[in-house]
Amino acid sequence: MFVEGEVEIRIRDKAAVGLDEHETKLWIQRSFKNMSCYRISSFDRQDDKTVRASVALKISDLPASERSLIESRPDDVGMLRSFIEKMFEGKGTIRALGDPKLRAN
């Protein structure tokens, strides 16, 4: 299972600011804990430092208690947003937009 949602990322990593689209996607993927970013789609670069995209994050590597909590509350939009934002550890800030969804593989 994975959590899928739209995000806006403000990049503060000087090395990542000038990257092309492919390299920026790789930077985003590496910016999530435990390489949990399964997919990046609807990629849109707003400017040099702001990117919008839809991401899908795996929950399979989470501890069993956290994974079962997410699976038991698939309609809890606030918890899913919090999960997406918590998993980001890159040099920058992330904001989950819209209503994330829990999806089956």
Side-chain angles (χ1 to χ4, degrees):
M1 299 198 86
F2 56 91
V3 175
E4 184 177 60
E6 185 178 354
V7 296
E8 180 180 82
I9 301 171
R10 296 249 338 132
I11 301 170
R12 291 202 175 116
D13 184 351
K14 291 178 184 177
V17 170
L19 298 176
D20 65 7
E21 181 177 322
H22 177 71
E23 291 292 324
T24 303
K25 287 179 181 179
L26 291 175
W27 180 88
I28 291 169
Q29 185 178 30
R30 288 189 307 265
S31 293
F32 285 94
K33 292 179 185 174
N34 303 325
M35 292 297 286
S36 63
C37 189
Y38 173 75
R39 180 178 58 238
I40 299 171
S41 60
S42 302
F43 183 85
D44 182 29
R45 184 176 281 268
Q46 304 289 305
D47 57 43
D48 275 354
K49 296 184 178 186
T50 306
V51 173
R52 282 187 175 214
S54 291
V55 296
L57 305 180
K58 298 181 290 186
I59 65 170
S60 58
D61 293 335
L62 293 174
S65 60
E66 287 183 51
R67 187 173 59 248
S68 63
L69 178 64
I70 290 173
E71 289 173 347
S72 69
R73 297 168 51 191
D75 297 325
D76 188 342
V77 174
M79 182 184 63
L80 297 177
R81 272 191 202 126
S82 175
F83 168 73
I84 291 173
E85 292 171 355
K86 180 183 81 169
M87 292 301 287
F88 185 78
E89 62 182 7
K91 290 183 180 178
T93 56
I94 189 169
R95 184 173 59 123
L97 308 171
D99 295 339
K101 305 256 188 265
L102 183 64
R103 304 255 189 222
N105 293 342

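- With respect to Glu4, the salt bridge (Lys or Arg N to Asp or Glu O under 4.0 Å) criterion is satisfied by exactly one of Arg39, Arg81, Lys58: Arg39.
- Of the inter-residue distances, the one linking Glu66 atom CD with Glu71 atom CD reads 12.0 Å to the nearest 0.5 angstrom.
- Using a 4.5 Å heavy-atom threshold, the side chains of Ile11 and Leu19 count as separate.
- Counting only distance, with no hydrogens or angles, the side chain of Thr50 and the backbone of Asp47 share no donor-acceptor pair below 3.5 Å.
- More than 12 non-hydrogen atoms from other residues, nucleotides or ligands lie less than 6.0 angstrom from CZ of Phe2.
- No side-chain heavy atom of Lys49 sits under 4.5 Å from any side-chain heavy atom of Arg12.
- A donor-acceptor pair is defined here as one N or O able to donate and one able to accept, closer than 3.5 Å; such a pair exists between the side chain of Ser31 and the backbone of Trp27.
- In this structure the side chain of Glu89 never reaches within 4.5 angstrom of the side chain of Arg30, judged on heavy atoms.
- Here CD1 of Ile9 is found 11.5 Å from CZ of Arg95. Values are rounded to the nearest 0.5 Å.
- Residues Tyr38 and Leu102 are members of separate hydrophobic clusters, defined by side-chain heavy-atom contacts under 4.5 angstrom among Ile, Leu, Val, Met, Phe, Trp and Tyr.
- Residues Met87 and Val77 are members of separate hydrophobic clusters, defined by side-chain heavy-atom contacts under 4.5 angstrom among Ile, Leu, Val, Met, Phe, Trp and Tyr.
- Within the 4.5 Å cutoff, side-chain heavy atoms of Ile94 are placed close to those of Phe32.
- The distance from the CD1 atom of Ile84 to the NZ atom of Lys86 is 12.0 Å, given to the nearest 0.5 Å.
- Interatomic distance, CD1 of Ile59 versus CZ of Phe83, reported as 7.0 Å (0.5 Å rounding).
- Listed for the Arg67 side chain is a donor-acceptor partner under 3.5 Å among the backbone atoms of Leu62.
- Gln46 contributes no side-chain N or O that, together with a main-chain N or O of Arg52, makes up a donor-acceptor pair within less than 3.5 Å.
- For the side-chain contact (heavy atoms from CB on, under 4.5 Å) test with Pro100, the passing option among Leu80, Val7, Leu57 is Leu80; the others fail.
- Within the 4.5 Å cutoff, the side chain of Lys14 has no heavy atoms near those of the Lys91 side chain.
- The hydrophobic cluster containing Ile40 also contains Met1, counting ILVMFWY residues as joined when their side-chain heavy atoms lie under 4.5 angstrom apart, directly or transitively.
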